[in-house]
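One structure is given below, encoded as structure tokens.
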Protein chains: 2
Amino acid sequence: MKYLRDIEGIKALGKRIKQIRLNQNLSQEELSYKAEIEYSQISRIERGIINTSVSQIFAIAKALNTEPHKLFLFNEIE
Amino acid sequence: MKYLRDIEGIKALGKRIKQIRLNQNLSQEELSYKAEIEYSQISRIERGIINTSVSQIFAIAKALNTEPHKLFLFNEIE
DNA sequence: AAATATTAGAGCAAATTTGCCTTATTTTAA
DNA sequence: TTAAAATAAGGCAAATTTGCTCTAATATTT
């Protein structure tokens, strides 16, 4: 069985996170600080080049004052 | 900066996945087969002892015929 | 109760992620 | 246009995950 990496999925997730972050006028650095996640990792996540962990999703959601499941609503406007 | 592991979060996620799986009368093995994820990994995820990746979340959601975001609705009945 | 099915759990190597640092590139503001 | 801010991007070691295999424990069925 092969290691699983859903490129479409992680791209969509990154796009969605970036969307929410920009809606709140936060820089990647500010999000990084709030979520206690490495600055470069936020960049990798938003660019959709990394298959990140659920714990980082939880941390990002909290830092963005939202619920984890909302990061997976890829068709939302805001 | 320390590696991030949200124990409460991964426990809640595992519980939710198990809930949905049982609702559909699937065994871990069947879910494993459908999602193309190692059998033992499904067990680890449901027990909340592993900080799994978002790609595995996408695969599990698909195997359960549901949307990824629904796996994060921890207060749902069904 | 016995047999069967299901789940838990341990251990290991290989692959991947993550934090950390540094340097480009792009965007924004002065 | 220049300076400053923000983002992209590359490399690397350490930590973690993941697939794989095996055995133990628990639940379900006959």
Side-chain angles (χ1 to χ4, degrees), chain A residues 1-65 68 71-72 74, chain B residues 1-66 68 71-72 74 78:
Chain A
M1 204 165 289
K2 209 173 158 288
Y3 179 82
L4 203 68
R5 176 194 267 115
D6 181 337
I7 295 177
E8 278 200 30
I10 63 182
K11 283 226 181 291
L13 180 65
K15 194 173 168 187
R16 174 68 172 142
I17 288 171
K18 181 171 189 172
Q19 179 188 43
I20 298 174
R21 174 178 66 80
L22 291 179
N23 255 21
Q24 304 187 16
N25 274 321
L26 290 173
S27 69
Q28 288 182 348
E29 198 168 22
E30 289 167 319
L31 174 55
S32 161
Y33 177 77
K34 279 187 156 192
E36 295 182 276
I37 292 173
E38 246 323 294
Y39 167 61
S40 62
Q41 178 72 351
I42 300 290
S43 172
R44 286 186 287 232
I45 292 170
E46 287 193 353
R47 281 180 287 146
I49 64 172
I50 200 91
N51 186 18
T52 189
S53 69
V54 290
S55 285
Q56 291 197 327
I57 293 302
F58 290 135
I60 289 171
K62 193 173 180 184
L64 292 174
N65 297 305
L71 302 188
F72 293 88
F74 302 145
Chain B
M1 205 166 288
K2 208 172 157 288
Y3 179 83
L4 202 67
R5 177 193 267 116
D6 181 338
I7 294 177
E8 278 200 29
I10 63 182
K11 283 225 181 294
L13 180 64
K15 194 173 168 187
R16 174 69 173 144
I17 289 172
K18 182 172 189 174
Q19 178 188 43
I20 298 174
R21 174 178 65 79
L22 292 179
N23 256 21
Q24 305 188 16
N25 273 321
L26 291 172
S27 69
Q28 288 182 348
E29 198 168 21
E30 289 168 319
L31 174 54
S32 161
Y33 177 77
K34 280 187 156 191
E36 296 182 275
I37 292 172
E38 248 320 297
Y39 168 61
S40 62
Q41 179 71 351
I42 299 291
S43 172
R44 286 187 286 232
I45 292 170
E46 287 193 354
R47 280 180 288 144
I49 64 172
I50 200 91
N51 186 18
T52 189
S53 69
V54 290
S55 286
Q56 291 197 327
I57 292 302
F58 291 135
I60 289 171
K62 193 173 179 184
L64 293 174
N65 298 305
T66 188
L71 302 188
F72 292 89
F74 303 145
E78 72 156 42

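Keep in mind that what you see is a predicted model, and the values were worked out from it rather than measured. Within every chain, numbering begins at 1; the chains are lettered A, B, ... in the order of the sequence lines, protein sequences first and strands thereafter.
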Original post:
So, the side chain of A:E38 versus the backbone of B:M1: is there a donor-acceptor pair under 3.5 Å, distance only?
Top reply: no
**OP:** Would you please confirm or rule out a distance under 4.0 Å between OP1 or OP2 of D:dT17 and any side-chain N or O of B:T52?
**Re:** no
Subject >> Interatomic distance, A:E38 CD vs C:dT22 C1' [rounded to whole Å] >> reply: 13 Å
**OP:** When you get a sec, tell me which of C:dG19, C:dG11, C:dT16 is the closest nucleotide to the side chain of A:Y3?
**Re:** C:dT16
**OP:** Specify the residue among A:I49 and B:S27 whose closest nucleotide of DNA chain C lies further upstream toward the 5′ end.
**Re:** B:S27
Original post:
Under 4.5 Å between any side-chain heavy atoms of B:I45 and B:Q28, yes or no?
Top reply: no
Original post:
With no angle test and no hydrogens, is the base of D:dG10 tied to the side chain of A:R44 by a donor-acceptor pair under 3.5 Å?
Top reply: no
Original post:
Under 3.5 Å, side chain of B:S32 to main-chain N/O of B:I37, donor-acceptor pair present?
Top reply: yes
Original post:
How long is the line joining CD of B:E29 and C1' of D:dT21, in whole Å?
Top reply: 14 Å
Subject >> Whole-Å gap separating C1' (D:dG19) and CD1 (B:I42) >> reply: 12 Å
Original post:
Between B:R47 and C:dG9, is there a side-chain N or O to OP1/OP2 distance below 4.0 Å?
Top reply: yes
Subject >> Candidate nucleotides D:dG19, C:dA8, C:dT17, ranked by approach to the side chain of A:I50 - the nearest >> reply: C:dT17
**OP:** Would you kindly give the CG-to-P distance between B:D6 and D:dT17, to the nearest whole Å?
**Re:** 13 Å
Original post:
Pick the nucleotide of DNA chain D nearest each of A:E46 and A:L4; which residue has the one closer to the 5' end?
Top reply: A:E46
Original post:
Across the strands shown, which category fits B:R5 at heavy-atom distances under 4.0 angstrom: base, sugar-phosphate, nothing?
Top reply: sugar-phosphate
Original post:
Of all the choices, D:dG19, C:dC20, D:dT18, which nucleotide is nearest to the side chain of B:M1 once you look at every atom?
Top reply: C:dC20
Subject >> Flag side-chain contact, heavy atom, 4.5 Å: B:L26 against B:L64 >> reply: yes
**OP:** Look at the side-chain N and O atoms of B:Q28 and state whether any lies under 4.0 Å from the OP1 or OP2 oxygen of C:dA5.
**Re:** no
Subject >> Nucleotide nearest B:S40 when distance is taken to its side chain, options C:dG19, D:dT21, C:dT17 >> reply: D:dT21
**OP:** Using atom OH of B:Y33 as one end and atom P of D:dC20 as the other, report the distance to the nearest whole Å.
**Re:** 14 Å
Original post:
Quick one: B:I37 CD1 to D:dT18 C1', roughly how many Å, whole number?
Top reply: 10 Å
Subject >> Under 4.0 angstrom between B:K18 side-chain N/O and C:dA8 OP1 or OP2 >> reply: yes
**OP:** Would you mind reading off the distance between A:K2 atom NZ and C:dA14 atom P, rounded to a whole angstrom?
**Re:** 17 Å
Original post:
Are A:S53 and C:dT17 close enough that a side-chain N or O sits under 4.0 Å from OP1 or OP2?
Top reply: no
Original post:
So, is A:Q56 near the phosphate of C:dT17, with a side-chain N or O under 4.0 Å from OP1 or OP2?
Top reply: no
**OP:** State whether A:Q41 places a side-chain N or O below 4.0 Å from either non-bridging phosphate oxygen (OP1 or OP2) of D:dA9.
**Re:** no
**OP:** Just grab all the salt bridge (charged side-chain N to carboxylate O under 4.0 Å, His left out) pairs involving residues 20-29 of chain A, residues at least two apart or on different chains.
**Re:** A:R21-A:E46
**OP:** Figure out the CG/C1' separation between A:N51 and D:dT18, and round it to whole Å.
**Re:** 11 Å
**OP:** Using atom types as modelled and distance alone, determine if a side-chain donor or acceptor of B:D6 lies under 3.5 Å from a backbone N or O of A:I57.
**Re:** no
